[in-house]
Amino acid sequence: MDYVIEMLHITKEFPGIRANDDVTLRLKKGEIHALLGENGAGKSTLMGLLFGLYQPDGGEIRKNGQVVHIDDPNDANRMGIGMVHQHFKLVHNFTVLENIILGVESTRHGVLQMEHARKRVEELSRQYGLLVDPDALISDITVGMQQRVEILKMLFRENEVLIFDEPTAVLTAQEIAELMRIMRGLAAEGKSILFITHKLNEIMAVADRCTVLRKGRCIGTVDIADANADMLAEMMVGRKVNFVMDKAPAKPGDAALSVQNLSVAGKQHGSHAIKNVSFDVRRGEIVCIAGIDGNGQSELVYALAGLVKPSGGKVLLCGQDITEESIRRRNDMGLSHIPEDRHKHGLVLDYTLAENLVLKSYHKADYQRSGFLRFGAIARHAEKLIERFDIRSGQGAETIVRGMSGGNQQKAIVAREIDLAPEVLIAVQPTRGLDVGAIEYIHRQILAQRDAGKAVLLVSLELDEVLNISDRILVMYEGEIVANLDARDATAQELGLYMSGSKRSDAV
């Protein structure tokens, strides 16, 4: 068998952790090969070695049977290897076209020659159905469009091996379906694709073969035609995984969070992102806000958490009006918030894990005395949460958060917010970027909050998650709540009708 890429007996160590331990991976020409594993299993590290971001400590890499040394990403590009990173590598104040040609520009007498590049980009856009405006600024286009730009960068450089690192983590369901179509088209053209993910349904839908990593070691490679989701999940986490939560019926009490006639101004002048919305979340229940991305969910959460001021209405927490209160005051009164964007609103990336775990409580007596931080107490607190929430990091509490895997960054935020013992927990996309084992664990933590008599407001774009753990579902469409459903009676089809605006309930 001729392989386009062979990574043989690869080993890579970082301080305190062996990220890859004798891993072998072989990629055939024209196949979509999935790389599956838990958060921190070593998937991104392995692909970073292939793309020249790191150098292996042991083993060898072969391309078309020849041993190669890939010293940096420019080397990788020269060998026809391209990569779309989990967090895109784009210059936000450059245009789409400028980003695509960056590093491989044509010049004449020191002047950029853009016309040939523009024609080539337009040809590639049409050929692969990647329709993006070449003159648009990156800062003005959606995340899904930014991903298309990253794919066009690889095609423009005529890469034959394409690495996608968690490509669907920030996409809507429609964008994911579109990306799968594009990937199939690329493979049909003879491109070879390595696809890092931990979403089993995506692997079953698009991959030909799958290699599974667990804690840095290779568990095996399987043909997808002979596999199923349960088998892959067990290979990945080393035990059977419950995809459906066993939960007792909710026992709702009084309203812990009450939203009354809330309106929030939109970014466009004169429009409202949230229009006169009212609902309660009671103690002992999980209420989910469902909807297609961009229908006001983010603005609603920002207003509840104190990140933006509403233009009208009230927010009550345990009967007290918090509409004008500061973010810290809301936290101290019993509101916790797992944010949608973990890098922008959830973490200080250049702080240690221990420091991030006390971002909302460092001012309390447990962690400071006379204004001086008690670093011993902060470290002990971190160790406790690291063990309880299985947060994996190379140097424990002293690890700089930027260097942790995305899933473990998410676990750190969930640990911090739940540890605050809130009366109301607002969880926005709490399992985004997590593997099935971690999703199961976080769902249990959220259910435990409900069963302890706390109120939970969940905001999710994943219909499986919405139907699996909610007690009540509120559907948002264009800034309004168009349905209030009992989760036991709701179906994905019915939710889809409400979410697309095709149906509206009178009982809201």
Side-chain angles (χ1 to χ4, degrees), residues 1-10 12 19-39 41-51 56 59-66 68 76 79-84 86 151 154 159-169 176-177 179-238 241 435-437:
M1 168 63 70
D2 291 332
Y3 294 104
V4 61
I5 292 291
E6 294 171 272
M7 302 185 77
L8 305 173
H9 307 291
I10 299 292
K12 179 65 182 172
N20 294 141
D21 187 357
D22 192 25
V23 174
T24 292
L25 170 72
R26 293 181 172 93
L27 175 68
K28 298 175 187 174
K29 183 170 174 58
E31 80 165 337
I32 299 177
H33 192 121
L35 188 57
L36 174 69
E38 293 180 280
N39 305 118
K43 309 181 297 293
S44 294
T45 300
L46 189 67
M47 291 302 96
L49 292 165
L50 180 57
F51 192 58
E60 66 181 25
I61 299 173
R62 293 182 185 175
K63 181 160 189 291
N64 298 322
Q66 302 294 313
V68 292
M79 292 179 201
I81 300 167
M83 185 167 181
V84 175
Q86 186 175 359
I151 296 168
M154 294 197 292
N159 294 142
E160 56 179 329
V161 175
L162 312 181
I163 304 167
F164 289 84
D165 186 357
E166 298 283 359
T168 63
I176 290 170
L179 176 66
M180 298 290 159
R181 183 191 67 73
I182 292 163
M183 286 170 72
R184 286 192 203 97
L186 291 167
E189 293 265 333
K191 307 286 188 191
S192 306
I193 296 176
L194 282 161
F195 170 39
I196 303 180
T197 186
H198 37 238
K199 294 187 178 177
L200 301 173
N201 57 337
E202 291 170 8
I203 292 176
M204 300 306 296
V206 83
D208 300 303
R209 292 191 303 148
C210 176
T211 295
V212 182
L213 298 187
R214 189 190 323 145
K215 294 184 179 173
R217 295 189 72 89
C218 184
I219 302 300
T221 298
V222 296
D223 287 322
I224 293 304
D226 304 328
N228 59 46
D230 288 336
M231 170 184 157
L232 291 175
E234 193 167 343
M235 285 178 75
M236 177 164 122
V237 299
V241 176
D435 61 69
V436 286

Contact between Met83 and Asp165 at the side-chain level, heavy atoms closer than 4.5 Å - yes or no?
yes
Look up atom CD1 in Ile224 and atom CG in Leu232, then write down how far apart they are to the nearest 0.5 Å.
5.0 Å
Between Cys218 and Leu213, the two heavy atoms sitting closest are CA-CD2, 3.8 Å
Quick check: does any side chain N or O of Lys63 sit under 3.5 Å from a backbone N or O of Met79, one acting as donor and the other as acceptor?
yes
Spatial distance of atom CG (Leu36) from atom CE (Met236) [nearest 0.5 Å]:
5.0 Å
Give me the atom names and distance for the closest heavy-atom approach of Ile81 to Phe51.
O-CE1, 3.5 Å
Straight-line distance of Thr211 OG1 to Ile196 CD1, nearest 0.5 Å:
11.5 Å
With sequence neighbours excluded, residues passing side chain to side chain contact (heavy atoms under 4.5 Å, CB included) with Ala34
Phe195, Ile203, Ala207, Cys210
What is the distance from atom CZ of Arg217 to atom CG of Asp21, rounded to the nearest 0.5 Å?
4.0 Å
Least distance between heavy atoms, Thr197 atom then Glu202 atom:
OG1-OE1, 3.4 Å
NZ/NE/NH1/NH2 to OD/OE distance under 4.0 Å, Arg214 and Glu234:
no
Does any part of the side chain of Met231, heavy atoms only, come nearer than 4.5 Å to the side chain of Val222, both counted from C-beta?
yes
Non-hydrogen side-chain atoms of Val4 and Arg26 separated by less than 4.5 Å:
no
Under the 3.5 angstrom rule, does the side chain of Lys43 hit a backbone N or O of Gly37 as a donor-acceptor pair?
yes
Between Leu200 and Ala233, the two heavy atoms sitting closest are CD1-CB, 3.7 Å
Name all residues meeting the side chain to side chain contact (heavy atoms under 4.5 Å, CB included) criterion together with Glu60; count only those two or more places apart in sequence or in a different chain, and write none if there are none.
Leu8, Arg62, Val67
Under the 3.5 angstrom rule, does the side chain of Asp223 hit a backbone N or O of Asp226 as a donor-acceptor pair?
no
Considering residues at least two apart in sequence or located in another chain, which fulfil the side chain to side chain contact (heavy atoms under 4.5 Å, CB included) criterion with Asp22?
His9
If you apply the rule side chain to side chain contact (heavy atoms under 4.5 Å, CB included), what do you find for Thr24 with Ile10, and how did you get there?
CA-CA 6 Å; Thr24 292; Ile10 299 292; over 6 Å; no
Any side-chain donor-acceptor pair under 3.5 Å between Asn20 and Thr45?
no
Mind listing the closest non-hydrogen atom pair of Val84 and Met154 along with its distance?
CG2-CE, 3.4 Å
Are the side chain of Asp208 and the backbone N or O of His33 linked by a donor-acceptor pair below 3.5 Å?
no
Main-chain N/O of Gly30 paired with Ser192 side-chain donor or acceptor, under 3.5 Å
yes
Closest approach of Val206 and Ile32, non-hydrogen atoms and distance?
O-CD1, 3.5 Å
Separation between CG (Asn159) and NZ (Lys191), nearest 0.5 Å, reads 7.5 Å
Output the distance between atom CD1 (Ile5) and atom CG (Leu25), rounded to the nearest 0.5 Å.
9.0 Å
Check step by step if side chain to side chain contact (heavy atoms under 4.5 Å, CB included) holds for Phe164 and Leu194.
CA-CA 6 Å; Phe164 289 84; Leu194 282 161; over 6 Å; no
Show your reasoning for whether side chain to side chain contact (heavy atoms under 4.5 Å, CB included) applies to Met7 and Leu50.
CA-CA 8 Å; Met7 302 185 77; Leu50 180 57; 4.0 Å; yes
